[in-house]
Each structure stands twice: as C-alpha cells, then as structure tokens.
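Per chain, numbering begins at 1; letters A, B, ... match sequence-line order. Note that these values count all heavy atoms, side chains included, but never hydrogens, waters or copies made by symmetry. From a predicted model like this one, the values you see are computed outputs, not experimental measurements.
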Protein chains: 2
Amino acid sequence: MSAMRIAEGVEWAVHLCGVLGVVPAGFGLPAGRLAEFHELPPAYLAKHLQALSRAGIVTANRGVSGGYRLAKPATKITLLDITLAIEGSEPAFRCTEIRQRGPCAAAPAACKQRCPITKAFLDAETQWRKALASISVADIITTAASESFDKERRRTFQAWLNGAVK
Amino acid sequence: MSAMRIAEGVEWAVHLCGVLGVVPAGFGLPAGRLAEFHELPPAYLAKHLQALSRAGIVTANRGVSGGYRLAKPATKITLLDITLAIEGSEPAFRCTEIRQRGPCAAAPAACKQRCPITKAFLDAETQWRKALASISVADIITTAASESFDKERRRTFQAWLNGAVK
DNA sequence: GTACCCCTACTCGGATAGCGAGTGTCCGAGTCGGAATGG
DNA sequence: CCATTCCGACTCGGACACTCGCTATCCGAGTAGGGGTAC
C-alpha cells in the first residue's frame with residue numbers, strides 16, 4: 001500500500017549536487033567528504049555518484065587530490081536530469097497489454113496505438129517530468145541560501161569547505 | 001536503475017473498472033469472472049479488489065449471486081482515485097531531512113518550512129496527480145469504445161457479459 | 001398450499017509464503033604527488 | 001641544485017551479500033438462495 005517510492009538516492013544526489021554547485025570552480029570534493037557532509041553511508045553513496053558520473057552530470061578525477069565536481073554549470077542541471085540518472089529513464093507506468101488477452105481480447109491489429117489508459121498515465125508522467133525539468137540545481141541553491149542560511153551557518157559551511165577542498 | 005515503477009495492480013484495476021462501468025446498472029461481476037476477462041491470477045486480483053472496495057470505488061456483495069460493482073458513476077471515478085486506492089496516498093518523494101545532519105547541519109528551528117528540493121518534487125507530483133484526476137473511467141470507456149471496438153468485438157463482449165452477469 | 005427453517009453453494013476478506021529490486025558493502029583498478037637518488 | 005625515477009597513498013569503479021515490499025496463494029468468514037418439512 002505504499003508503492004511509487006522514489007529512491008532515496010535521488011534525494012541524496014540532489015543535495016550533493018547543490019553542495020558541489022557552491023564549491024569554487026576548478027575544485028572538487030571526494031566521495032568520502034560528500035558522504036560526511038550529510039552523514040550518509042560512504043560506500044553506497046559512491047554507487048550513486050558513479051551513476052551521476054555516467055550520466056555526465058558530474059566528472060570524476062582520480063588520484064590523491066581527485067574527487068567529483070559538476071560537469072556543467074548548475075543552471076544547466078535540472079532535477080529531472082538527476083532523477084533520470086539515478087532511477088533510469090524508463091517510464092513508471094508499463095502497459096502489459098492485457099487488453100489483448102482473455103475471452104474478449106482485442107486483435108493485435110487494433111492495437112497499433114496505445115490504449116487510452118497507457119496514454120493517460122504517460123501524459124501524467126510527462127507533466128511530472130516537465131515540472132522537474134523546470135527546476136535547476138542553481139535554483140535550489142539560490143532558494144536554500146536565502147531561506148535557511150543565516151550568517152552563522154554560512155561561516156560554518158565555509159570553514160568546512162576550506163578544510164575539505166584540496 | 002529502473003525504479004519508480006507503478007504497481008501493475010493499478011493497470012489491472014483501471015481496466016477492470018472500465019469493464020464494470022459497462023455492466024448494466026444493478027448488476028455485478030464476481031472476482032473470478034473479472035480475472036478471467038483478462039486472464040489475470042484470480043487470487044491476487046482479489047487482493048486488489050479488496051483495496052478498491054476499502055477505498056469506496058467498488059462495492060462488494062457476498063453470497064451466491066454477489067460480486068463487485070462500481071460504487072459511484074463512472075464519471076465520478078478518476079484514474080487518480082484508483083491509483084491512490086491501490087498504491088496508497090503517500091507521496092512518492094519522502095524527505096529524510098538530511099539537511100539536519102552532518103557538520104553543517106541546519107538547525108531544526110530553521111526547518112519550519114520544507115526544503116526547496118522537497119517542495120519541487122512534491123509540486124511535480126501534484127502536477128502528476130492533477131493530470132490523472134482529470135481523466136475518469138467514463139472517459140476511458142468512451143475512448144476505448146470508439147478506438148478499438150468494431151462491431152464484431154462488441155458482439156463478442158456482449159455475449160461474454162450475458163454469460164457472466166447473474 | 002404455505003410458511004418457516006435449515007443447509008448448501010458460492011462469494012468476499014484477511015492471514016500466509018515467494019521473489020525481485022533497491023540497499024548496503026567490499027575489494028581491485030587507476031592516478032597523482034612526493035620523496036629518494038643520482039648526476 | 002635539479003631532473004628522473006620509483007613508491008606510496010588516495011581516489012574512483014565494478015562485483016558481491018542483504019532486506020524490504022510487491023507478487024502470488026490459500027483457507028476461513030459471511031451471505032443469499034433453494035429445498036425440505038411441518039402445519
């Protein structure tokens with residue numbers, strides 16, 4: 001009774017892209033530091049970072065002073081990009097064509113176009129994707145900064161960042 | 001890499017509500033017949049029908065000539081109603097408030113309002129729900145009838161229905 | 001003949017196993033930086 | 001003092017267990033209808 005759950009890795013990924021978005025350009029953060037920032041399991045987070053890397057959202061540098069950084073400007077990365085990178089791009093609704101089964105099955109020839117049920121669900125999903133595509137990581141950063149970053153917390157963050165970037 | 005899957009029980013439920021929508025008013029179909037109509041596993045389908053019953057979408061009658069029937073006009077039953085009945089009404093995105101954890105945690109006092117990430121995902125989900133709420137079972141029936149019901153199939157269906165209803 | 005009662009058959013309802021996808025973890029592949037060394 | 005080489009430590013990347021929730025099933029609870037029986 002509680003399906004349709006978005007993987008929590010999506011939440012992690014968006015938060016971390018937000019963090020990477022405020023790292024000075026040219027610098028990166030290793031996976032361990034990113035995990036530390038929100039007290040996330042480092043090994044598992046690494047898996048999700050790989051997915052982001054494969055999707056071209058972040059770039060990975062190896063070596064002693066390596067780490068992850070955004071692959072493109074934060075304004076060009078949308079919540080939809082991140083979601084698809086983590087969850088995959090398959091639609092949530094998958095028609096199994098049960099209308100072609102049973103005593104009153106529709107003839108395959110009559111099923112050239114999608115059944116109205118499938119169409120409705122895919123349309124709804126398009127609306128969902130459109131909404132997510134309209135928000136960028138830069139938007140998230142701006143809003144978060146203005147909403148819940150007082151002077152004190154901003155300094156705490158800067159201090160941590162200075163100790164984390166190489 | 002393939003999350004966010006809608007339970008296929010939703011697809012079944014919508015199709016079956018469509019079938020129940022064209023049953024003459026005052027008559028019902030037992031779960032076994034409904035399962036037979038699309039060659040679905042009867043026992044498992046029964047579980048979903050229970051969920052529809054609890055949600056007030058269909059009413060269940062016991063006894064020798066009992067069965068399920070729509071609890072309200074097909075125009076008043078939306079795809080969203082059915083989806084929520086099967087999947088539950090919890091939102092797909094669930095914020096775990098990781099912003100309140102780690103070396104730069106936000107103070108609980110600063111988290112009165114939802115973080116912008118959660119807000120964005122819930123807004124997207126609202127768009128999704130709105131799209132599903134705009135389609136009724138009656139709409140599905142109308143479209144399906146006009147798209148893929150030629151005279152021959154319509155007769156086949158009527159014959160099955162006459163043998164199925166009590 | 002009729003009214004009542006019981007019984008059977010059929011229905012829904014909730015409690016019970018099985019399996020697959022996300023969740024979590026680990027160790028190996030790859031790379032950069034620096035230290036040691038020889039010129 | 002400087003260039004070169006080698007070594008080491010740190011990083012990402014993919015392969016391996018575990019847990020929870022959807023999938024699937026069964027048997028018990030409940031009801032309506034019909035047949036039998038007594039009046």
Within the sub-3.5 Å range, which N or O atoms of nucleotides 24-34 of chain C have a protein N or O partner, and how far apart are they?
| from | atom 1 | to | atom 2 | distance (Å) |
| --- | --- | --- | --- | --- |
| dG24(C) | OP2 | Glu8(A) | OE2 | 3.3 |
| dG30(C) | O4' | Arg62(A) | NH1 | 2.2 |

Subject >> With sequence neighbours excluded, residues passing ring pair (Phe, Tyr, Trp, His ring centres under 6.0 Å) with Phe37(A) >> reply: Phe157(A), Trp160(A)
Original post:
Sequence neighbours excluded, which residues qualify as side-chain contact (heavy atoms from CB on, under 4.5 Å) partners of Ser134(A)?
Top reply: none
**OP:** Give one of base, sugar-phosphate or nothing for Gly32(B), where a contact means two heavy atoms less than 4.0 Å apart.
**Re:** nothing
**OP:** For Glu97(B), enumerate each residue passing the side-chain hydrogen bond (donor to acceptor under 3.5 Å, both in side chains) test, keeping only those at least two apart in sequence or located in another chain.
**Re:** Arg99(B), Gln100(B)
**OP:** Could you tell me the separation between the CE atom of Met4(A) and the C1' atom of dA21(C), rounded to a whole number of Å?
**Re:** 16 Å
Subject >> Within residues 121-131 of chain B or reaching into it, pairs that qualify as side-chain hydrogen bond (donor to acceptor under 3.5 Å, both in side chains) - sequence neighbours excluded >> reply: Lys119(B)-Asp123(B)
Subject >> Distance, rounded to the nearest Å, where Leu29(A) contributes CG and dT11(D) contributes P >> reply: 11 Å
Original post:
Can any side-chain N or O of Asp81(B) pair as donor or acceptor with the backbone N or O of Thr78(B) at less than 3.5 Å?
Top reply: yes
**OP:** Check the distance between dG22(C)'s P and Glu87(A)'s CD and give it to me in whole angstrom.
**Re:** 8 Å
Subject >> side-chain hydrogen bond (donor to acceptor under 3.5 Å, both in side chains) pairs, two or more places apart, involving residues 140-152 of chain B >> reply: Glu152(B)-Arg155(B)
**OP:** Find the distance Arg5(A):CZ to dC20(D):P and express it as a whole number of Å.
**Re:** 11 Å
**OP:** Starting from P on dA21(C), measure out to CD1 on Ile6(B) and report it in whole angstrom.
**Re:** 17 Å
**OP:** Let me know the distance between CZ of Arg94(A) and P of dC22(D), rounded to the nearest Å.
**Re:** 14 Å
**OP:** For Asn61(A) and dG13(D), give me the distance from atom CG to atom P, rounded to whole Å.
**Re:** 10 Å
Original post:
Think Gln50(A) has a side-chain N or O under 4.0 angstrom from the OP1 or OP2 of dC12(D)?
Top reply: no
Original post:
Hey, are Thr96(A) and Glu11(B) close enough side-chain-wise for a donor-acceptor pair under 3.5 Å?
Top reply: yes
Original post:
Is the shortest side-chain N/O distance from Arg54(A) to OP1 or OP2 of dG13(D) below 4.0 Å?
Top reply: no
Subject >> Nearest-angstrom distance from the residue atom CG of Leu52(B) to P of dC12(C) >> reply: 13 Å
Subject >> Ala31(B) side chain, from C-beta outward: closest of dC12(C), dC22(D), dG13(C) >> reply: dC12(C)
